[in-house]
Amino acid sequence: MKETCLPAPCVRGRFAPSPSGRMHLGNIWCALLAWLSVRSQKGSMILRIEDLDTDRCRPEYAEQLMDDLHWLGLDWDEGPDQKQTDAPYFQSECAELYEQALKKISHRAQIYPCYCSRADLHTASAPHLSDGTVLYSGRCRHLSQEQRKTLEQSGRRPSLRVAVPDCTIQFTDGLYGFKEQNLCCECGDFLLRRSDGVFAYQLAVVVDDGRMNVTQIVRGRDLLSSTPRQIWLQTLLGLSQPDYIHTPLLCAQDGRRLSKREHDLDMSALRKRYTPAQLTGRLGFLAGLVPSDAECTPNDLISLFSWDKIPRQDVIIDTSNW
Ligand code: GLU
Ligand code: ZN
């Protein structure tokens, strides 16, 4: 009897950087792991520029980050400068899509204007969430039309929040295993659009990963706590759920995660001190893929890559030795 052989579903991963400054070692670390994961499964890679926040993002940074990724030896199959199957690849061009998604969500959940100022949100009694943000009290959820009108007339521009149900979202992260979060207690009604009209990352990322048919999301562990609300939005929008694999963060000796503050670890400084092969060798060694930090290319690491080898703990580096 002839065996029916279904083609393996193609893995689709993505880079989703925000062009709000020069990339640094932590960004490149995560990008390398995302790329290796996709390439080792013969999948395709998408580059999407997450430039929602037009105050902080600049086109030059987008150009620069593409150049930095290419310099290291990373590539992608679809993106602003590649095949354009799922254009646009800039979130700043997708307002209409996010608007449509808002409408769709509003049929299945309550979306309401929130007039709270920063000070209102950060009251002394506001409980803090694991990621340092505060749990929204739900203050504006039950305002009457009358009250809304008064607030509008006083010139307050509202943001838009979505009311979350008392439900627990569960998922299994590729590296960190089983996770669950109660949306009410551990997330709260969250923003879909800011008061200045900028759509929230949480909404945009779900819409874009959905329309680009992304099947695998590799990103820093700092976004682990955002995942349940993104999964919930996927269900409201009728989108399928990608696999999530969060990566450990690179941290300085004091345990702080590397950020744009460490200027000598941004790509401008790193490109002066390293060749791409030297930098890749050091990252491959940190990832546990090679026994030493000898020079190698991202391509060399593909056959050695396995998530089983990647550390679960954040990786502390001696910043003075980079
Ligand atoms: N744009 C986000 C960042 O640069 C990443 C979003 C994601 O990977 O989901 O932090
Ligand atoms: Zn409010």
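As the structure lists them, so they are numbered: ligands from 1, and atoms in each ligand from 1.
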Once you restrict to heavy atoms under 4.0 Å, what part of Leu223 touches ligand 1? Side chain, backbone, both or neither. side chain
Name the orientation class of the two ring planes belonging to Tyr244 and Phe171 (parallel below 30°, tilted from 30 to 60°, perpendicular beyond 60°). perpendicular
Quick one: do the Thr275 and Glu295 side chains pair a donor with an acceptor below 3.5 Å? no
If you draw the axis of the six-membered ring of Tyr274, does the NZ or CZ of Arg282 fall within 45° of it and under 6.0 Å from the ring centre? no
So the atoms of ligand 1 within less than 4.0 Å of a heavy atom of Val205 turn out to be 9 (O)
SB check Arg39 Asp75 (cutoff 4.0 Å): yes
Test: Arg139 and Asp189 ion pair at under 4.0 Å: no
Report yes or no: does Gln230 have a heavy atom closer than 4.0 Å to ligand 1? no
Show the numbers, then the answer: is there a ring pair (Phe, Tyr, Trp, His ring centres under 6.0 Å) between His70 and Trp76? CA-CA 9 Å; His70 278 318; Trp76 48 94; 4.2 Å; yes
Regarding Arg156 and the six-membered ring of Tyr115, is the cationic atom NZ or CZ under 6.0 Å from the ring centre and inside 45° of its axis? no
Heavy-atom proximity to atom 1 (N) of ligand 1 ranks first, among Gln202, His246, Glu50, for Glu50
Taking Asp209 first and then Arg14, would you say they form a salt bridge - that is, a charged N and a carboxylate O separated by under 4.0 Å? yes
Should you measure from each heavy atom of Arg219, which atoms of ligand 1 turn up under 4.0 Å away? 7 (C), 8 (O), 9 (O)
Which bit of Gln91 is near ligand 1, meaning a heavy atom under 4.0 Å away: side chain, backbone, both or neither? neither
Testing the 3.5 Å rule here: is there a donor-acceptor pair between the side chains of Arg256 and Thr319? no
Under 4.0 Å from any heavy atom of Arg14, which atoms of ligand 1 are there? 7 (C), 8 (O), 9 (O)
Could you tell me whether the side chain of Glu262 and the main chain of Ser259 form a donor-acceptor pair under 3.5 Å? yes
The atoms of ligand 1 lying under 4.0 Å from a heavy atom of Tyr201, numbered in the order shown, are 6 (C), 7 (C), 9 (O)
Atoms of protein origin (N, O or S) under 2.8 Å from the Zn ion (ligand 2): Cys114 SG, Cys116 SG, Tyr136 OH, Cys140 SG
I want to know if ligand 1 touches Ala16 in the polar sense, i.e. an N/O pair below 3.5 angstrom. yes
